[in-house]
Each structure stands twice: as C-alpha cells, then as structure tokens.
Amino acid sequence: MKTLLKNIGNLVGVTDASVTRKAGEAMWNLDSFSDAWLLIEDDRILDFGRSHELTDVFVACADKIIDMNGQWVFPSFCDSHTHVVYAGNRAGEFLDKINGLSYEAIAKRGGGILNSADLLHATSEDDLFEQAMVRVREVIAKGTGAIEIKSGYGLTVADELKMLRVIRRIRESAPVEVKSTFLGAHAVGRAYQGRQDDYVGLVCEEMIPEVGRQRLADYVDVFCDKGFFTPDDTARILEAAAKWGMKPKIHANELDVSGGVQVGVAYNAVSVDHLERTTQVEIDILRDSSTVPTILPGASFFLGMPYGNAKGMMEAGLPVALASDYNPGSSPSGDMRFVCALASIRMKLTPSQAINAATINGAAAMELGHAAGSIAVGKLANFFTTEPLPSLAFFLYAYTTPMITAVWHRGQAVG
Ligand SMILES: [Zn+2]
C-alpha cells in the first residue's frame with residue numbers, strides 16, 4: 001500500500017536515515033522542504049521531495065493520493081520521560097502548593113508519590129489501564145508518536161508488576177511506540193519508611209528479578225536526589241538491573257546537585273533526566289559519554305523550579321532532549337508542543353532547537369533514533385500535520401491555538 005501526500009506547505013524535520021540524534025551545533029538545523037510531497041509505503045517513509053520534482057512515476061505508483069493544500073508535516077514528538085500510568089489525580093496537592101507548601105514538605109507529610117501509590121494500590125488493573133489510556137489518547141492527539149512510560153507508583157512487588165503489565169497493554173493496544181521503564185526506586189514504599197536500605201534490597205532482590213523474568217521493562221530508573229535515593233543506592237540498583245539487561249535512565253539533579261549524572265554515566269545510562277541543577281562539572285562528564293541529557297521544563301514550570309541549562313549543554317556539544325514528565329504531582333500535562341514553547345520562552349532555545357530536542361533527540365533517549373524522530377527514508381511514517389503556518393516560530397509562539405489537523409502512526413491516519 002503506497003500513499004502519496006502532495007502539496008505539503010512545509011515538510012519539517014527532514015534528515016538522512018543515518019541521523020539518529022543531533023548534538024550541539026547540529027541542533028540549530030531543522031531541515032525542511034517547502035512545497036513538498038511525501039510517499040509512504042505500508043508503515044515506512046519511502047521517499048519525499050519538492051513538488052517540482054514529483055514525477056509521474058511516483059504519482060502512478062500511489063494507491064492513494066491526498067492533497068494537503070499547504071498543510072505542514074512534522075515528525076511526531078518522541079516523549080522520552082513520562083509517568084502516565086497513575087490512578088486519580090493530585091489536584092488536592094495543587095491547592096497545597098498554591099497555599100505555599102514545597103514539593104519536599106508535601107512528600108514529608110506522606111503525600112506526593114506515596115499518596116499516588118495508595119491510590120494505585122486501591123485501583124484495579126483494568127481501571128488503571130482505562131485511566132492511562134485517556135492520557136495516552138490525549139497525547140497522541142497532540143502529536144506524540146513515541147512515549148516512554150515508567151512504573152514507580154506501586155512501590156511493592158505486586159503493584160510495580162501491575163503497573164508494568166498496564167504499560168505492556170498500552171504498548172499492545174495504542175497507536176504509539178512505547179518503551180517501558182521500571183522505577184521501583186521512585187520513593188521508599190510505605191511499609192519500609194525509615195528502612196531505606198531494606199527497601200533498596202527489596203528492589204534489587206525481589207522486584208528486579210521478577211521484572212526481568214517477565215521481560216516487563218526495557219529500562220531501569222532511580223530517583224537519585226536529595227531526600228530520595230543516594231548515588232550508592234542507585235549504583236546497587238543499576239548493578240542488579242544490568243544482570244537482566246535493563247539499561248539505566250536516571251532522575252538526577254532535580255532537587256539538588258545529586259551525583260545522579262555521575263552514577264548514570266558510570267553505568268552507561270541511555271539518558272539522565274531533569275537536570276534543573278546541573279553545573280559545569282556534570283556537563284563535562286556528559287561530554288565524555290553517549291548519555292542523552294533530558295530536560296523537563298514542564299516540571300520547572302509547574303513547581304516553580306529553575307530551568308535546566310540547555311544552552312550550556314548545547315554549547316558543550318551535547319544532544320539535549322526535551323520530555324514532558326507527564327505525572328500527577330509535578331507535571332500534569334503531556335503536551336509536547338507546550339514543552340517546546342517553554343523551552344523557547346524560558347530556556348531560549350530556538351524553535352528549531354526545541355523541535356529537534358523533542359523529536360530526534362527524544363527518540364535517541366529511547367534508543368529509537370534509527371526508526372523515529374525525523375522525516376527520513378526508511379524510518380517509520382510517524383508524523384502529524386498542521387494547518388498552513390506563517391512560520392515555524394508561529395507553531396510555538398501561538399502555543400495554545402489548536403493547529404494539529406491529523407496524526408499518522410506507521411503510515412495510517414489515527415486521529
Ligand atoms: Zn519523572
């Protein structure tokens with residue numbers, strides 16, 4: 001089955017198939033073809049070009065031709081850090097925050113992650129799946145075509161496995177690429193309060209072997225930060241997970257300069273995420289690694305925290321990624337266009353840099369750069385279309401104006 005999209009106003013995010021990430025100066029370039037066509041075969045991009053180069057051969061081979069009438073085509077967003085599987089919401093804590101309590105104070109009162117764990121425990125697996133699918137469908141409609149989803153609101157063996165099974169169901173049923181991450185060390189479970197060492201033992205000796213045996217996770221994550229897990233705890237967990245082939249993706253430097261970047265890089269982390277409080281020392285360490293620094297401006301916005309030093313990282317030649325951190329406590333939104341707008345407004349990324357960070361580099365932070373994140377021959381035909389736009393900047397400038405007209409996954413229009 002071949003589908004030809006013709007009269008595309010702008011085909012954004014074009015690369016060679018060999019491009020799997022963009023680092024440093026390369027992030028300035030978001031190559032685009034104005035007045036373009038795109039040919040899809042089954043689930044893949046077969047070819048593309050400018051309208052004046054569209055020969056009869058391409059037109060004749062198409063089973064279906066769609067006139068885009070100047071609409072734009074973007075590669076789907078690749079959201080490499082989310083917690084979309086959770087029960088209920090934490091709007092009550094939203095009020096606490098308005099009334100001045102800090103994230104740490106709310107966590108100390110037994111709220112925060114433990115509150116979400118209690119709710120998740122009381123929610124059936126089917127309900128949890130349905131609630132998560134509402135969010136997944138929402139982010140697909142907003143242009144996300146690949147998503148990483150973490151466990152971490154279970155905090156017991158049974159409930160962590162329950163979350164990971166829900167993530168597997170999402171992978172099997174939703175039109176989106178899904179990567180699964182085991183985050184048993186998101187917080188110390190309620191039954192282990194005051195016994196952090198014992199809880200880390202539970203994660204290493206019971207949770208990880210069971211997750212590994214059932215092949216429920218691609219990655220392992222640890223909340224390595226002040227008030228949560230130490231670099232030593234983190235190393236212990238990463239050692240245990242490595243035996244089951246789970247590579248690290250680490251929560252680091254959100255609340256303090258935590259040592260999480262160092263331990264992540266030491267264990268060849270695919271990404272280190274958050275990085276609101278990163279110094280030149282961490283940037284220098286990342287330069288000597290293949291780890292993708294991933295910044296989550298939605299959490300900075302919601303919690304009133306500093307924004308990560310994305311410009312410093314790009315100047316050091318790093319491949320910065322952007323992700324939503326969609327979760328009930330610190331970033332209740334998975335809108336990647338808003339994440340890009342925040343990156344431009346608050347971190348001074350150009351729209352091209354922001355979109356590269358949210359597409360090709362997000363794909364790299366999920367080891368999907370070979371298949372997703374750009375418009376390239378042979379990559380998956382995962383993209384969204386918009387109304388004709390006056391400029392690329394307008395897409396992020398008018399960040400609440402509805403513009404997305406359709407979403408395509410693996411060569412099919414899905415919304
Ligand atoms: Zn997170």
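Hydrogens, waters and symmetry mates play no part in the numbers below; they use all other heavy atoms, side chains included. For ligands, and for the atoms within them, numbers begin at 1 and follow the listed sequence.
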Original post:
Which angle, to 10 degrees, forms at the Zn ion (ligand 1) with NE2 of His251 on one side and NE2 of His81 on the other?
Top reply: 90°
Original post:
Would you say His274 reaches the Zn ion (ligand 1) with an N/O/S atom under 2.8 Å?
Top reply: no
Original post:
Any N/O/S atom, backbone or side chain, of Asp221 lying under 2.8 Å from the Zn ion (ligand 1)?
Top reply: no
**OP:** Could you tell me whether the side chain of Tyr326 reaches within less than 4.5 Å of the side chain of Glu138, counting heavy atoms only?
**Re:** yes
Subject >> the Zn ion (ligand 1) - name of the N/O/S atom of Asp325 that sits closest to it >> reply: OD1
Original post:
Without hydrogens or angle criteria, can the side chains of His81 and Asp273 be said to hold a donor-acceptor pair below 3.5 Å?
Top reply: yes
Original post:
Would you say the ring centroid of Phe182 lies under 6.0 angstrom from that of Tyr219?
Top reply: no
Original post:
Salt bridge between Glu160 and Lys162, side-chain N to carboxylate O under 4.0 Å?
Top reply: no
